[in-house]
Amino acid sequence: MSRPPVPRRSVLRGALGAGALAVAAGPLAACAPGSSGSEPRKLTGTPSASAKGEITIWNRSGDLFKVFDAAIDAFRKAYPDVKVNHQAVDIDAKLANTLISGTDLPDGSFWDDAKIGSQAEHLYDLTDLIAPYRNRTSAYKLSVNTVDGRIYGVPWDLDPGLLWYREDLLEDAGVDPADLKSYDDLLSAARSLKEKNPAARPIHMEKDPFLGQLWLEMLAGQQGTSLADEHGKVRLDSKEYRTILNWIRDAVDDGLVTHAEYLKQADLAALENGQQALVPWAVWWSFAPQQLLKKTQGKWRAAPLPAWTPGGARSGAMGGSSFIIPAKAKNPHLAWLLYEFLCFKEPGYSAVYGPSEIYPGGLTTSVPSYAPARRADRPLFEPVAALGGQDLWKVAVDAADAIPPAAPIPAWWNKSVDYLGNNLQRLMEGKMAPDDVIDDSTKKIQRNLVDRA
């Protein structure tokens, strides 16, 4: 699978891509996602400020590695007797197998929320250590790191969904972004844009099956549901999914959709020439106006997603990462000390998200999962010039606060793209009906993935 052109979100194809949603870890256990039936290994007790030792920490290469490298420098100043060997590793190719073999393990690693459930038997149970921070950490983020009531990942980022829009085009069409409160309102706005410009296909819908399914899960998450419940039972056949799929069908039937791959050439061209003006997507879409869109830079803005029901959630999560500590790590307590610093302590989280040599305005492609680091009145990154100087921090943290809790992601999620992700594409192409997408996908996921686990 190819990766999208966004280094920050390698989580999408590298991290959540080939094997990432836990397929590399093996089948779903009978009792719960990631459960092995064995007693988990608990990590308790935090080292003192005078802690000494050496740890090896894995991160993906690229811009995020550089961000964390700078933040780890701040940790070294706070704990000068802890030596941190920070290594850039192809985590998606290496980590799962290393956890299973138990050899040459790091003491801690960046990893994707989607993998936590399937690999819990190879990870430390961090429930007791996270307990002091639990009430101030996103309920969504805790839920995707939880297996059988125990927490196995140190929650890091939140990737809230937002509605990205071309301010100039909406103004020309007489559309007030503040009025886009429901998904029916979004269709009405798209029709107004099309009346103004008959060549417009205002709403982006994702042509890549994997990203399309991830996007679908964001929309489902707004309604408090997901492809599987906490026991791994498929729940695609529901009012919530049917509502989304019918909405997609209506948008397609009315000629309101640009069906393109995320930030590939055709997608970028449609964004630049005014064909697309409405992009319901995660906060990390902010990379596009900052780095890729030249003609329309400064014209894009972010707003809350519409709601599916009156008073319903105005955001859902799309992607996300945490930190894990292998159950056979040599110095797990020191790894915890580092991750506690980066996620829950100052100046740790400011060192990650604040202005740096890599991101002079701060890291704008996610927000912290820890509420004290996510205060609207204390922004960690600056207003974004490529968004016309918009205060993206406040929009994003408000959206993050609106994300409902979720269930752990099942081990078979990635393989389900062969069924649901592909059928979703057929719906967007006008070749399949919503009920057929639900019926066919449910039957094949149950038969080929769940029943074989």
Side-chain angles (χ1 to χ4, degrees), residues 1-25 54-76 83-99 101 103-116 119 123 153-154 156-157 159 208 210-211 214 262-264 282-288 290-292 319-326 329 335 338-339 341-343 348-349 351-366 368 381 414:
M1 297 182 183
S2 61
R3 294 173 182 264
V6 182
R8 162 66 181 90
R9 295 319 320 166
S10 60
V11 64
L12 295 179
R13 294 299 262 175
L16 291 179
L21 284 159
V23 261
E54 182 174 345
I55 52 175
T56 296
I57 299 297
W58 285 3
N59 268 310
R60 290 194 179 89
S61 60
D63 59 341
L64 263 189
F65 180 85
K66 297 174 184 177
V67 167
F68 282 117
D69 207 42
I72 288 171
D73 280 342
F75 173 80
R76 292 186 180 106
K83 181 180 179 182
V84 182
N85 300 313
H86 188 211
Q87 300 179 356
V89 173
D90 186 349
I91 292 172
D92 306 305
K94 190 172 182 179
L95 182 56
N97 289 335
T98 303
L99 286 170
S101 70
T103 59
D104 298 321
L105 283 165
D107 295 289
S109 180
F110 180 92
W111 219 14
D112 311 294
D113 298 334
K115 283 191 173 180
I116 301 297
Q119 291 284 7
L123 307 177
V154 186
W156 176 51
D157 69 347
D159 294 356
D208 176 271
F210 173 83
L211 290 179
L214 195 67
Y262 171 72
L263 300 185
K264 294 293 182 68
V283 62
W284 35 269
W285 195 88
S286 65
F287 178 85
Q290 292 183 82
Q291 300 291 334
L292 299 177
S321 306
S322 297
F323 302 109
I324 57 93
I325 300 176
L338 171 65
Y339 293 139
F341 178 82
L342 295 177
C343 294
Y349 51 72
V352 174
Y353 278 97
S356 65
E357 290 184 8
I358 303 95
Y359 288 97
L363 182 64
T364 63
T365 50
S366 72
F381 54 73
N414 191 58

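Any value given below was found using the heavy atoms of this structure, including those in side chains, with hydrogens, waters and symmetry copies removed.
For the pair L263 and L292, the tightest heavy-atom approach, listed with the atom from each and the gap, is CD1-CD1, 3.8 Å. The two residues C343 and F323 come nearest to each other via the heavy atoms SG-CE1, 3.5 Å. Residues T98 and S101 approach most closely at O-OG, 3.2 Å, considering heavy atoms. Closest approach of P355 to P360, counting heavy atoms only: CB-O, 3.0 Å. A pairwise comparison of heavy atoms in P106 and A329 identifies O-CB, 3.9 Å as the closest pair.
Here the side chain of Y339 pairs a donor or acceptor atom with the backbone of S109 at under 3.5 angstrom. Put simply, the side chain of D159 never gets that close to the backbone of S366: no donor and acceptor are under 3.5 Å apart. With hydrogens and angles disregarded, a donor-acceptor distance shorter than 3.5 Å links the side chain of D208 to the backbone of F210. With hydrogens and angles disregarded, a donor-acceptor distance shorter than 3.5 Å links the side chain of Q290 to the backbone of S286.
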Discussion item. Checking D63 against F287 for the side-chain contact (heavy atoms from CB on, under 4.5 Å) test, could you report, in this order, the C-alpha distance in whole Å, the side-chain angles of both residues, the deciding distance, and whether it holds?
Written reply: CA-CA 12 Å; D63 59 341; F287 178 85; 5.7 Å; no

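Ring orientation note: the planes of H86 and F65 are close to parallel, at an angle under 30° on the 30°/60° scale.
To the nearest 0.5 Å, atom CD1 of residue I324 and atom CG of residue D112 are 10.5 Å apart. To the nearest 0.5 angstrom, Y359 atom OH is 11.5 Å from F381 atom CZ. Taking CD of Q87 as the start and CD1 of I57 as the end, the distance is 9.5 Å to the nearest 0.5 Å. Atom OG1 of T365 and atom CH2 of W285 lie 14.0 Å apart (nearest 0.5 Å). Once rounded to the nearest 0.5 Å, the distance linking CG of D69 with CD1 of I358 reads 8.0 Å. Rounding to the nearest 0.5 Å places CG of N85 at 9.0 Å from CG of D107.
By the 4.5 Å heavy-atom criterion applied to side chains, D157 and W284 are not counted as neighbours. Y262 places none of its side-chain heavy atoms less than 4.5 Å from the side chain of L214. Counting only heavy atoms from C-beta outward, the side chains of I72 and L338 approach each other to under 4.5 Å.
For the pair D73 and R76, the salt-bridge criterion is met [side-chain N within less than 4.0 Å of a carboxylate O]. Using a 4.0 Å cut-off between charged side-chain N and carboxylate O, D104 and K94 make no salt bridge.
Partner of F68 under the ring-ring contact (aromatic ring centres under 6.0 Å, His included) criterion, out of W58, W156, F75: W156 alone.
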